[in-house]
**Q** 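Questions regarding the structure given below will be posed in turn.
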Amino acid sequence: MRPEILTTLFSSLISLSGVGPESSRRLENLVGSRVFSLLCHCPTGVIQRRLVDKLSMARPSDVVTLLVSIDEHVKPPKGKRLPYRVRCSDKYGGRLDLVFFHPQEIYLLKILPSGQERAVSGKVEYYQSRWQMIHPDHIGHPLTLKDWQGPEPQYPLTQGLTQKMLRKFIDEAFKRCVTLPEWISEKIKAKAKWLGWRESLVSIHNPQKNEEINPFNLAYQRLAYDELLANQLSLQLIRQTQIKSQGRPIIGNGELRKRAIDSLPFQLTEHQRSSLKEIFKDMAEPKRMVRLLQGDVGSGKTIVAFLALLNAVEAGLQGAYLAPTEILARQHYQNMKRWADKIGVSVGLLTGKDRKSERDEVLKCLQDHSLKILVGTHALIQEGVVFKDLGLAVIDEQHRFGVSQRLQLSQKGQSVDTLVMTATPIPRTLMMTTHGDLDCSFLRQKPSGRKDIVTKAISTDRLREVIEALKREINRGGKIYWVCPLVEESEALDLTSVEDRALSLETHFKGKVGLIHGRMKSIEKEKVMTSFIEGDIKILVATTVIEVGVHVDDATVMVIEHADRFGLAQLHQLRGRVGRGEQQATCLLLYQGSLNSVAQARLQIMRQSNDGFRIAEEDLKLRGGGEILGLKQSGMANFRFANLEFHQNLLNQAHEDAKEILIHDPFLLSERGKALRILLALYEQDAAVQYLQAG
Ligand code: ADP
Ligand code: MG
């Protein structure tokens, strides 16, 4: 339940006076659906509306307010595409034209009656030796003159909304904005010289000059801190639950692990071994493990996870492996099954799409403990899935799962250890806001023998050369991925680009081109994939479904079309699909036309670096945190005031303060604790709020 005091802030925008269905829809697209969302919509600039007595005191492009008398309406001659002009003059004889394109004449005659005085406000230009004001922002009775001067915030807009409307709506929103009890301690507040929460909001919406719109401004700092504090408190509260619930030592006898390692065709890398050591040590502890394994694409996380799962199996427990997509779940299942079969450990698969009889069988074996390891998608979290005794949950590509899903899986057992894994290395700041403090292991080396992938950015003007080069590559025994982007998130709408590309490549590479996309049935996809692996298909044209797809060791070239439309992390992931074997691999980033500076910078980084950690850091700089990891959707790190690029110190402070708060008041029951509950609710940290209610 949301605290009563937030009701008005959380009411819908249509409840504001002056906001009808149409503007509410537009506002919702622009800012979000609540009154509070509107208050979080910050101005990006200020204009100074100067009150001038004389037109001659204005400079071109100034935004001014002045008093004029209306001399004459000049209609454009019929058929000519000229604007409608209203000629005016100030009291010193300065002449000004008010200029309108496609106006309603009747309306203009009414608001600008000839011979009368009016206050007008807007940007003036000096054009063909005349002053003019195109579509004034304001026209009114002389008495309104004083309302139209001084600084005026400028907001990002969307079609159908004007600055004037937005300002009015924000004023209305402030009428619903009550003062909330202070959640920041007096000491911290005084030291930082911060204002109260409401005053800070008011200040942000009333900047006096452009310099005030800046993340280091006190009002922004205060609000960013609030947001980060809510985030950190929430994470630490959740962590508290995990740690408090008793863990148990999981210590296997090492037998299965030894046999599994012996049967591998490769040696574990040093980093794989040290990560495993850390994981086994955590599992042996009587408290719950929550550890993050970070390793670039191809760094070999799967085998690490598998060996950790075997440790649980040796100890008489079960393991779960949660993957974000069906394809991935299947692939991991197949890999693990291959390893597990050799040592007589049973592995099962559960996706949302299993036949009922299969599913029933898996669930039965899970309950009678004949199934030791279960791999699957979200289907694992569902209610009917009951383990006999779950000891370890592995969560792959964890950023695709929300906090609550992670919690749900670990609640499938009494005191489940959790290993989360990510292939998109997470910069520290992001780490803090998505996980709080978390123990980390890193796989910073690639398995030996891997070479860096040579990366080039090439304009599509040179397609012919690319095709010739690919022909040579195929003759040398290589295979090629060719990835096309989707304009829409849903695979449904935009298949033409891949289909067209497959057709046009077919003319150059008869019978050797395959096509794979997300709308195909699994069985068809598998067929295409198999013939790519076996080598009948040499070029696989695909959408990003292969981003997390199956490994093909002799694929040597990755062509990415419209590379500028992909994020860095995604490009890096795609590139990681090649260079898995011994041969030198190449990645060609194709672009069309000329690139803007951000796109150039991105492609440049890709050319320079094969290091996923560095790429993730750069991506953060170029795009801001949430987008990289798809966190926007998962509702985390989707900050409104905080900007991780500028507010790292505030993040650290919030982190420490949250710790301090929970030491003294773990259930937020004190007076200030209650205020903090309001803060959590304000920033919709529902998981944490729920926990507080339960605890
Ligand atoms: P990711 O970290 O991207 O999940 P995978 O676990 O899928 O990487 O490993 C990529 C490939 O590298 C797999 O084919 C895997 O069998 C292989 N591999 C893993 N560890 C090693 C190693 N130590 N030496 C050689 N190859 C390895
Ligand atoms: Mg993986």
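Read the numbers this way: they start at 1 and go in the same order the structure lists the ligands and their atoms. Quick caveat: nothing in here was measured; it's all calculated off a predicted structure.
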**Q** Once side-chain contact (heavy atoms from CB on, under 4.5 Å) is applied, do any residues pair with Gln584, and if so which ones, sequence neighbours excluded?
**A**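 Per chain and number, Gln584 pairs via side-chain contact (heavy atoms from CB on, under 4.5 Å) with Lys451, Val454.
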
**Q** Only counting residues at least two apart or in another chain, list the ones meeting side-chain hydrogen bond (donor to acceptor under 3.5 Å, both in side chains) with Arg259.
**A**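 Arg259: no side-chain hydrogen bond (donor to acceptor under 3.5 Å, both in side chains) contacts found.
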
**Q** Have a look at Asp296, Asn335, Thr302 and point out the one with the heavy atom closest to atom 5 (P) of ligand 1.
**A**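 Considering heavy atoms of Asp296, Asn335, Thr302, the nearest to atom 5 (P) of ligand 1 sits in Thr302.
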
**Q** Just heavy atoms, cut-off under 4.0 Å: does Thr269 contact ligand 1 by side chain, backbone, both, or neither?
**A**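 Both backbone and side chain.
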
**Q** Taking distance alone, with no angle check, do Lys301 and ligand 1 share an N/O pair under 3.5 Å?
**A**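 Yes, at least one N or O pair falls under 3.5 Å.
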
**Q** Consider side-chain contact (heavy atoms from CB on, under 4.5 Å). Of Met558, Arg607, Lys456, which one does Cys587 pass it with?
**A**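 With Cys587 as partner, Met558, Arg607, Lys456 yield a single side-chain contact (heavy atoms from CB on, under 4.5 Å), made by Met558.
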
**Q** Is Arg257 close enough and on-axis enough to Phe280, meaning under 6.0 Å and within 45°, for cation-pi?
**A**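 Geometry flag: set, cation within 6.0 Å and 45°.
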
**Q** Checking side chain to side chain donor-acceptor pair (under 3.5 Å) against Asp296, which of Gln445, His572, Gln573 comes through?
**A**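 The option that passes is His572.
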
**Q** Enumerate the atoms of ligand 1 whose separation from the nearest heavy atom of Gln267 is less than 4.0 angstrom.
**A**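 It comes down to these atoms of ligand 1: 22 (C), 23 (N), 24 (N).
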
**Q** Contact between Ser299 and ligand 1, counting heavy atoms under 4.0 Å?
**A**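 Checking ligand 1 against Ser299, which is what was asked, there is a heavy-atom contact under 4.0 Å.
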
**Q** Checking side chain to side chain donor-acceptor pair (under 3.5 Å) between Lys479 and each of Asp553, Asp554, Thr556, which is the one that passes?
**A**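 Result: among Asp553, Asp554, Thr556, Asp554 is the only option passing the side chain to side chain donor-acceptor pair (under 3.5 Å) with Lys479.
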
**Q** Any N or O on Phe266 sitting closer than 3.5 Å to an N or O of ligand 1?
**A**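 No, Phe266 has no N/O under 3.5 Å of an N/O on ligand 1.
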
**Q** Give yes or no for whether the N/O distance cutoff of 3.5 Å, strictly under, is met between Gly300 and ligand 1.
**A**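 Among all N and O atoms of Gly300, at least one is under 3.5 Å from an N or O of ligand 1.
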
**Q** Could you tell me, atom by atom, which parts of ligand 1 come under 4.0 Å of a heavy atom of Leu268?
**A**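 This gives 23 (N) as the contact atoms.
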
